[in-house]
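The structure appears right after this line, and notes come after that.
Below, chains carry the letters A, B, ... as their sequence lines are ordered, and counting in each starts from 1.
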Amino acid sequence: MKQRKYHMLTILGPTASGKTTVAAHAAKRLGGEIISADSRQIYRGMDLGTGKDYEDYEIEGQPIPYHLIDIVDAGFEYNVYLFHNDFLKAYNDITEREKFPVLCGGSGLYIEAVLNNYQLIQVPKNHDLRKEMDPKSLDELVRILLDMKPEQHNTTDTENRRRVIRAIEIETYLKQNPELSNNMPEINSLVVGVKYDREHRRKRITERLKQRLENGMLDEVQRLLDKGLTPEQLTYYGLEYKYLTLHLIGEMSYEEMFAKLEIAIHQFAKRQMTWFRRMEKHGTKIHWLDGFMPLEDKLTKISQWLES
RNA sequence: GGUGCCAUAGCUCAGUUGGUAGAGCAACGGACUGAAAAUCCGUGUGUCCCUGGUUCAAUUCCAGGUGGCACCA
């Protein structure tokens, strides 16, 4: 199938919206391959907790190729820049083989980095700088950053020490290497969103949570702890990894864990929707599909949009 | 059946010496460019259980009722 207008199809949606199924079927029809835009599914060994579902990538016995899932070990510090970079490799790989890329995920920042072509370049860790900055207070760090870069592009830079130090590190590097470009091509993507009304979104999240707990999600987190990941690391991964860890190390009863985790996932889905609305406000046209629409109809809609 | 305690936001509970009320959590809205499932900001949504009494005025005081809890039978 030849595509003229669009170089890529993007399928986004909040957690538990069924976007992967839609993306996989669309990829099958388009002779496509999936590039995952999920900041947690990149980790090996983090499966049930991230909602990774390998079965989604097989349709009628035929595997749908996917990229950027299981690419680093749990514990590795990944980030938007690395994603952008890995995305480009996958994208080039797919298009060189004349397949159609389908970007699919719920990590809004990652998706926007690609669609809006964020200018991010590789900035290595600067250990000397970090050592120098480490003893300084948040206020001092913020002042240093503002001196270097009075116009803040990233408004969350000043929220905590870790972020400010990284921002100073990046700014320092840019001063020394002013001419770097990321060579990212402009990609014209059709953007499709899958969503349910709030009530059903919440219902689906709860159902899926119960299911995954029955399928051994606690064992998975225990395995990560056994492998040497610290509770702090797992807590930072948030949601399932945070709350199941707190339960496993005895800081939370099962009931409390379930109740709080359920709430946290609901809040997360809400934040995802806020991000998508923000993308629309900033000019990204999202073609929304109602979750209840039969799969066949969703695919038909997507084909129509792609050709229009 | 008797006695005591309780009844206020979706939940747990403050409070009003009588002038129609506020915390936490939830919920809702927003921000977001290098760990984004992270991080941060904002918003009170209410027959103060019901009926009557006292009072200029009752969610507050009094009586009765209803419901819940505890103890005694």
Side-chain angles (χ1 to χ4, degrees), chain A residues 12-16 36-43 46-52 72-87 105-126 130 138 145 149 151-174 180 182 184 198-199 201-202 205 208-209 212 217 221 229-230 232-245 256 259-282:
Chain A
L12 53 74
T15 184
S36 165
D38 188 303
S39 68
R40 295 297 184 264
Q41 293 192 7
I42 57 166
Y43 294 111
M46 290 168 61
D47 302 333
L48 282 164
T50 61
K52 217 181 271 173
V72 296
D73 286 326
F76 183 82
E77 291 189 7
Y78 200 72
N79 63 45
V80 206
Y81 163 74
L82 291 173
F83 173 76
H84 207 194
N85 202 45
D86 287 338
F87 165 83
S107 297
L109 175 68
Y110 285 14
I111 291 170
E112 196 178 79
V114 169
L115 297 182
N116 291 7
N117 200 3
Y118 283 8
Q119 295 300 309
L120 302 167
I121 57 160
Q122 183 161 24
V123 177
K125 287 181 187 173
N126 182 337
R130 289 189 181 199
L138 179 62
L145 179 65
K149 185 186 171 191
E151 280 173 28
Q152 294 289 297
H153 188 197
N154 178 2
T155 57
T156 58
D157 272 350
T158 54
E159 272 171 8
N160 62 52
R161 296 169 42 78
R162 182 200 164 88
R163 281 178 174 282
V164 198
I165 292 177
R166 179 61 177 159
I168 293 170
E169 191 170 61
I170 291 168
E171 211 44 39
T172 305
Y173 186 83
L174 288 176
L180 291 172
N182 69 356
M184 197 62 70
R198 187 160 64 223
E199 186 197 338
R201 186 177 84 209
R202 295 168 64 95
I205 285 170
R208 203 161 79 122
L209 174 57
R212 287 180 297 149
M217 189 156 57
V221 178
L229 289 202
T230 65
E232 289 70 30
Q233 281 174 305
L234 287 168
T235 296
Y236 195 87
Y237 285 138
L239 302 184
E240 287 83 356
Y241 296 98
K242 174 178 176 182
Y243 290 96
L244 298 206
T245 296
E256 188 185 3
K260 291 198 166 164
L261 174 54
E262 187 186 7
I263 287 165
I265 302 173
H266 290 161
Q267 293 173 333
F268 167 55
K270 184 167 164 316
R271 260 179 280 132
Q272 287 180 298
M273 288 307 297
T274 302
W275 183 279
F276 300 143
R277 268 179 242 131
R278 171 196 128 104
M279 286 173 64
E280 292 181 294
K281 272 190 244 169
H282 289 4

RNA chain B: 5'-proximal contact among His266(A) and Asp38(A) (nearest heavy atom) |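 Taking each residue's closest nucleotide, the earlier one in sequence belongs to His266(A).
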Take atom [atom1] of [X] and atom [atom2] of [N], then tell me their distance rounded to the nearest Å.
X: Leu109(A); N: G34(B); atom1: CG; atom2: C1'; value: 9 Å
X: Glu256(A); N: A26(B); atom1: CD; atom2: C1'; value: 15 Å
X: Trp275(A); N: A38(B); atom1: CH2; atom2: P; value: 14 Å
X: Ile121(A); N: G34(B); atom1: CD1; atom2: P; value: 13 Å

Euclidean distance for [atom1], [N] against [M] (whole angstrom):
N: G15(B); M: C48(B); atom1: C1'; answer: 11 Å
N: U39(B); M: G46(B); atom1: C1'; answer: 33 Å
N: C50(B); M: C41(B); atom1: C1'; answer: 42 Å
N: U54(B); M: G18(B); atom1: C1'; answer: 12 Å

Phosphate OP1/OP2 of [N] contacted by [X] side-chain N/O (<4.0 Å):
X: Lys270(A); N: A27(B); result: no
X: Arg271(A); N: A38(B); result: yes
X: Thr274(A); N: G30(B); result: yes
X: Tyr237(A); N: A38(B); result: no
X: Arg40(A); N: A36(B); result: yes
X: Arg277(A); N: A31(B); result: no

Side chains of Leu234(A) and Lys242(A): closer than 4.5 Å at any heavy-atom pair?
-> no
Residue pair Ile168(A) / Thr172(A), side-chain heavy-atom distance below 4.5 Å |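 Sidechains of Thr172(A) and Ile168(A): in contact.
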At 4.0 Å (heavy atoms only), tell me whether [X] reaches a base, stays on the sugar-phosphate, or touches nothing.
X: Lys125(A); value: nothing
X: Arg278(A); value: base
X: Gly49(A); value: base
X: Gln267(A); value: sugar-phosphate
X: Tyr236(A); value: base
X: Lys242(A); value: nothing
X: Thr50(A); value: base
X: Asn116(A); value: nothing
X: Tyr110(A); value: sugar-phosphate

Candidate nucleotides G34(B), C32(B), A27(B), ranked by approach to the side chain of Val80(A) - the nearest |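 It is G34(B).
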With respect to the side chain of Arg198(A), which nucleotide from C32(B), G29(B), A36(B) is positioned closest?
->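 Of the options given, the side chain of Arg198(A) lies nearest G29(B).
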Kindly express the pairing pattern of RNA chain B in dot-bracket notation, using | wherever a base pairs with another strand and counting only Watson-Crick or G-U pairs under 3.5 Å.
-> (((((((..((((.....[..)))).(((((.......))))).....(((((..]....)))))))))))).
What closest approach, in Å, do Tyr241(A) and Leu48(A) show between heavy atoms, and which atom pair accounts for it?
->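 Minimum heavy-atom separation between Tyr241(A) and Leu48(A): OH-C, 4.5 Å.
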Classify the angle between the aromatic ring planes of Tyr110(A) and Phe83(A) as parallel (below 30°), tilted (30 to 60°) or perpendicular (above 60°).
->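 Geometry flag for Phe83(A) against Tyr110(A): parallel rings.
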Inter-residue atom distance Leu229(A).CG - Thr235(A).OG1, 0.5 Å rounding | 11.0 Å
Sidechain N-carboxylate O distance under 4.0 Å for Arg278(A), Glu112(A) = yes
